[in-house]
Each structure stands twice: as C-alpha cells, then as structure tokens.
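Indexing begins at 1, ligand by ligand and atom by atom, following the structure's order. In this text, all values refer to a predicted model and were calculated from it rather than measured experimentally. All heavy atoms count here, side chains included; hydrogens, waters and symmetry mates do not.
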Amino acid sequence: MSVPGAFEPARGPRPIVVQKYGGTTVVDEAGREALARRVRERLDEGRDVVVVVSAMGRKGSPYATDTLIELVRNEGGAPPRDLDLVLSCGEIIAAVVVVARLFRHGMPAVALTGAQAGLVTDSTHGDARLLSLEPARVRAALARGLVPVVAGFQGVDESGEVTTLGRGGSDTTAAALGAALGAELVEIFTDVDGIKTADPRIVPDARTLPSVTYEEVFQMAHEGARVVHPRAVELAMRAGLPLLVRDARGEVPGTLVSRHPLGPKERPLWAGYRDVATGVTHRAPVALLRVPAGPGEEPRVFRAVADAGISIDLINIQPELKSFTVPEDRAEEAANALRREGFAVEVVPGCAKVSVVGSGIHGRPGVTAAIVEALVAAGVRILASTDSHVTVSCLVPRDDMERAVRALHAAFDLARDRDALQAMPEMEGREE
Ligand code: ADP
Ligand code: MG
C-alpha cells in the first residue's frame, strides 16, 4: 500500500499499523524471521507497529490450540471457564516467543495478554464478544519505543475471568486494536496469498482477489471462508479501517479489504460490477432438521431451538413442514428440545452448505438458475436453498461438497483474471 508521506520523518504521533500473524506464520524459524523482517520494514517507514499473534501451529504442534484442548480432554474435560484459561496460554506463549525474536533483531518489544491490552468481553467462555477496549498499555508501550506483541484470541470479562473469542478470534483482536488505536491499516498475515475466490484446498486454481469490499468479505467469512473472521470484518467496516490479507512469507500484495472495490491497480470502481460472483464458500458439517408442524405452530418450533441457544440457518417454512439447519454437533440437542415440545423431528446429518457470494448477485436474474444447473450437471443433490441480496446458498450432501464448490467456481468463471478486463465503456461516473 502506498501511503503519502511514508518516508517523511515522523512528526508527532507516528501512524500505526497492526500486524496479525496466524498460527502457521509463527510456528517455525522461517516464519518468525519473516515476521521480524516485516516489523522492521514498517518501523523503518516511520510507523509504529503493534503485533497480534495466534497460538503457534495447527493440530499436532505442541503449543497449538487443538493440542491444549486435547490435553484437557484426555483428562476428561474441564469447565468452559477453566478451558479458556488454558487456551489463552497458546497465544501468550507465541507472544513471548515473538518478543524474544524481535529483541534478537534489535527491536525492543513487550508481550501483553488480551487482558493487559485492555480487551474486555462478555462472559461467554469459548465464544466471547468484545464489550470494550481501552488499549492504554499498548499506547504506553509504543510511547516507550517498544513493539507491543498482543496475545490474540483472548480477553477478560468484567469479573476478571479470562475468556476466549472463538476460532479466528485473533483476527478480531487485531481489528479491534486497529480501530481503538486509530491505525491506518491492519495486516492479516496467513498461509495463503490473500482472499481467494474459493478455498484453495478445494479449488487449486482459485484466484487471489486484489480487492474486495467489507460486505463481500463479511459475507464470505460468514458463509465459511475462514481466512478472516466475520467479526473482524465487521469491526473494520465500522471503523473504516482497511484490512490487508496477505501471505506472511511471500511477496505478493495480498487482498485489500475496504469500502470500495478498488485494487492496487486502481481499476475503475465499476469494473467489479461486471462480475456476478466474487467467491464460492462452503461450511460443513451441518445437519438438516425437518419438523412436521402445522400452521400456527411455528413460534413453538423456533422458540424451542432458540431457547436451547442454538443458531439456525437455511430456514424454510411450509404449511405442514418446517425445516432448518444447525451445526452438526448441536443437532441432537436441537432435536431433543423439539421432542420435549411434542414435535416429531427428522435429523439429516452429513450435510454441507455451499454459497456463491457477490455484490453483483443483487437483482440479477438467472443466478439461481445458473447455480442449480451447475450443481445438477455435476451430479450434486440439492437438499435446500436460500438467498440474500449478496448470497445464494445450497445445502448438499457433505460427500458432494467439494464437487459442488468446484462446479460453482467453474460455472461463474472465477479462475479468470478479472484485472485483465477493461472498464465497461458504456458506464460513466462513479456510484458512491
Ligand atoms: P490463520 O491461522 O493464519 O488465521 P486460517 O486457517 O484461519 O489461518 O485461514 C487460512 C486458511 O483459510 C487457508 O489456508 C485456506 O485453506 C482457508 N480458506 C478458506 N476459504 C478461503 C478463501 N476464500 N480464500 C483464502 N483462504 C481460504
Ligand atoms: Mg484464522
């Protein structure tokens, strides 16, 4: 990103960049060296850097979140409050390791827990929401010339209990700190080139999007693209704070998430509108619940599931049948809540939700037809479907999910390089 004045000597407070490093980026020697280099680059530009780190590594790594969960599970499990306490250690360990690395490279740093960084959350252990953030100690560290390295994914509730923010929570930590500190940019360093048109693990030729709007990324994240957490996008959007999602090790520019779909090549604002779809996402496993219930019984059906604290999706209300999906691990709980209310419930486990996301979908005829045609041609059974102004989603058997994602990616021609397109000549002026 080129920012005017980048190389002028700092006057008054220096601009702040928040850099978030995902678990795979800090797990090994090369990753930590890359981190130190990137911090150095920003400092040399005259900026202050605040680092946010995730626990090191994925499943199997000694200090990864999954490893800590398993450690406790093997003992028979612990209450959510205590589990949060041990989970928070993964990020604290990573923060201190990063501090050590920065010192080694002549950059004095200080590790802060989420609580020390000022993140106050509600008391929902394992999935806490941010209530407030007063990063006084982060500012104090910057004022002393230190690089604050904040343990991501965690906070503290109003009674002082340590909480965690759920999977992807470090993204939220970074966006929240960026907003509270008035940062000019939040860089999200991960193990992919940026936000892609689909998960590259399923679609190898998925393309990296040079730029996307908050709304599109929010929707993609919400529909299962885990590259950035939806709450982080929401926070950034409200603060008007640009996010740059990029590969920690490579030198590609990454994906800029901002209000306007302007890319590094400054392509015309309207160029994106030519494209119906931005990306294809997937979420699994989910279960479909089918509840035979007559007219007037809807409130009892949905109240029973709501009171069990289970969020539902893909809702379909017909006169004699109500159906919806829940995360598969909550299906039995939801079914039992309904049975206690006297309803018969059919549970269809092993489903997946695939979605086509794009701001170009709104008001465009034929999108659903194209999706259905692509899925049927690929031999994928459609169990249910739903749409919003920027998304069309289908529920499919879990075993067909990858095939479905590839079929939709191909049907919307998402591997094509959109930047190669010229602006549409018939359009003039900008829509603001
Ligand atoms: P981190 O630990 O850095 O937060 P995550 O595992 O949370 O990393 O997110 C990165 C992963 O997200 C990638 O490895 C990729 O498989 C997955 N992913 C899913 N959908 C997308 C997408 N649309 N674009 C890029 N990555 C995606
Ligand atoms: Mg993540």
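None of T124, T121, D84 except one satisfies the side-chain hydrogen bond (donor to acceptor under 3.5 Å, both in side chains) rule with T164; the exception is D84.
For atom 11 (C) of ligand 1, the closest heavy atom belonging to the protein is R226 NE, 3.6 Å. Protein heavy atom in closest approach to atom 15 (C) of ligand 1: D199 OD1, 3.4 Å. Looking only at protein heavy atoms, the nearest one to atom 2 (O) of ligand 1 is G23 N, 3.4 Å. The nearest protein atom to atom 23 (N) of ligand 1, hydrogens excluded, is given as K196 O, 3.0 Å; this is a heavy-atom distance. Counting protein heavy atoms only, atom 3 (O) of ligand 1 is closest to T190 OG1, 2.7 Å.
Atoms of ligand 1 lying under 4.0 Å from any heavy atom of R58, numbered from 1 in the order shown and given with element: 2 (O), 5 (P), 6 (O), 8 (O). Heavy-atom contacts of G194 reach the following atoms of ligand 1: 24 (N), 25 (C) (cutoff under 4.0 Å). Within ligand 1, counting atoms from 1 as listed, the ones closer than 4.0 Å to a heavy atom of M220 are 23 (N). Counting the atoms of ligand 1 from 1 in the order shown, those under 4.0 Å from a heavy atom of D191 are 10 (C), 11 (C), 13 (C), 14 (O). Of all atoms in ligand 1, listed by their number and element, those nearer than 4.0 Å to a heavy atom of V192 are 13 (C), 14 (O), 25 (C), 26 (N). In summary, the atoms of ligand 1 found under 4.0 Å from a heavy atom of R201, numbered by their order in the structure, are 13 (C), 14 (O), 15 (C), 16 (O).
A donor-acceptor pair under 3.5 Å is formed between the side chain of D171 and the backbone N or O of H229.
Note: F189 and Y21 have parallel aromatic rings, judged against thresholds of 30 and 60 degrees for the angle between ring planes.
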Verdict with reasoning, V51 to V147, per side chain to side chain contact (heavy atoms under 4.5 Å, CB included): CA-CA 7 Å; V51 174; V147 177; 4.0 Å; yes

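Across the listed options G22, G57, A55, A198, A198 owns the non-hydrogen atom lying nearest to atom 22 (C) of ligand 1. If you check each of V27, V227, T197 against atom 26 (N) of ligand 1, the one with the closest non-hydrogen atom is V227.
At a 4.0 Å heavy-atom cut-off, ligand 1 touches K20 through the side chain alone.
A side-chain N or O of E33 and one of H105 form a donor-acceptor pair less than 3.5 Å apart.
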